[in-house]
There are 2 protein chains.
Amino acid sequence: MEARIEKIKQQLQSQGYKLTPQREATVRVLLENEEDHLSAEDVFMLVKEIAPEIGLATVYRTLELLSELHVVEKLNFGDGVARYDLRTDSSKHHHHHLICVQCGSMEEIMEDWLIPLEERLEQEYGFHVIDHRLDFQGICRRCRESRESDE
Amino acid sequence: MEARIEKIKQQLQSQGYKLTPQREATVRVLLENEEDHLSAEDVFMLVKEIAPEIGLATVYRTLELLSELHVVEKLNFGDGVARYDLRTDSSKHHHHHLICVQCGSMEEIMEDWLIPLEERLEQEYGFHVIDHRLDFQGICRRCRESRESDE
DNA sequence: TTCTATAATGATAATGATTCCAAACATCGT
DNA sequence: ACGATGTTTGGAATCATTATCATTATAGAA
């Protein structure tokens, strides 16, 4: 944990930013909830517990800053709320999401299936891809199975 | 044009809704601006021109209704504004978007490149895909070329 | 046609997410 | 330590969207 915070501190400092107590508290919350896709509001509430004097705007700014530094990934599932995920070293490319419209669960696919498509975009459209977002809405296996046993 | 309005009228009526003058004006604006990705505010301003007495809430309500009926598709590019696209009969599947982070332009790809991926999802993950969203952020050809001539 | 029940509308208030701004803070040269 | 300069902060403001509510329009029954 401390090692990862130290690493992020380095990343900030290399760009001329400081790891202030507020930023550190925010990063700690992200590290402790690495599995979840937290919204800024979620992060804010959790940070409040360890640093009650923090302001919501600071959390937004910190998340935005970390996003620019590629420490976190800003996600958008179409519900009007931005969510933030820590990027692990291994995931240079984004993973994709399977969002179940029945139970609301979200599963991640860590494979990146879009590399051939991105190459095609560069060649056929002259479009240089920096980032992408791919989400699927549908019915997850669990809901499918319970639905079958119901009917 | 009239034929398409008539068709939408049928769709509304089949679900017990009426094509009121306000809804018709909204649909006309969408038909006349089919190429664009209009925000609710955009639609509102355009509808005002042909039906000045309309309220913003009605435009929002109408767009939401049309979205539920799958007449329009509600898009979200992460800029905090929902945008609405008419769905054409041919596009059962969504098209994809190339969003330029430099000039903000947006290009559409009408091909659906995800069909093989969706099949894989069904088989490997047991996930039944209903809908998907694929957006690429990057630098468009035009910006790339002008950037090269600048430097 | 007239009455009645229901759906739809427009104005405005409320909400939720995000951003702006003046004040607090830290850093550096003196 | 002291002031100048730029950074960071928290609260207030803003923007998009949704809910409320009183009013109006509509369709069907009598």
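The chains referred to below are lettered A, B, ... by the order of the sequence lines, with proteins before strands, and numbering in each begins at 1. A quick note: this is a predicted structure, and the numbers were derived from the prediction, not measured.
- Nearest to the side chain of B:Ala57, among D:dT8, C:dT19, C:dT12, sits C:dT12.
- The nearest pair of heavy atoms linking A:Ser39 to A:Val81 is CB-CG1, 3.6 Å.
- Listed candidates were C:dT19, D:dT9, C:dG10. Nearest to the side chain of B:Glu53 is C:dG10.
- Set against D:dT18, D:dG10, D:dT9, the side chain of A:Ile54 has D:dG10 as its closest nucleotide.
- Residue-to-nucleotide proximity on DNA chain D shows that, of B:Arg61 and B:Ala82, the 5′-proximal contact is made by B:Ala82.
- Checking D:dT18, C:dG10, C:dT19 against every side-chain atom of B:Tyr60, the shortest atom distance belongs to D:dT18.
- Of the candidate nucleotides C:dA17, D:dG10, C:dA8, C:dA8 has the atom lying nearest to any side-chain atom of B:Tyr17.
- Straight-line distance from the CG atom of B:Leu38 to the P atom of D:dT17: 13 Å, rounded to whole Å.
- In terms of position on DNA chain D, the residue among B:Pro21 and B:Glu41 whose nearest nucleotide sits closer to the 5' end is B:Glu41.
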Going through the checks in order, is the salt bridge (charged side-chain N to carboxylate O under 4.0 Å, His left out) test met by A:Arg4 and A:Glu34? CA-CA 12 Å; A:Arg4 295 185 68 188; A:Glu34 207 164 358; 2.9 Å; yes

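- If B:Lys18 and B:Lys48 are placed on DNA chain C by their nearest nucleotide, the residue sitting closer to the 5' end is B:Lys18.
- C:dC25 atom P lies 16 Å from atom CZ of A:Arg23, rounded to whole Å.
- Taking each heavy atom of A:Ala25 and A:Ile50 in turn, the nearest pair found is O-CD1, 3.8 Å.
- When the P atom of D:dT17 is taken as reference, atom CG of B:Leu65 falls 17 Å away, rounded to whole Å.
- Residues A:Phe127 and B:Leu98 share a closest heavy-atom pair of CE1-CB, 3.7 Å.
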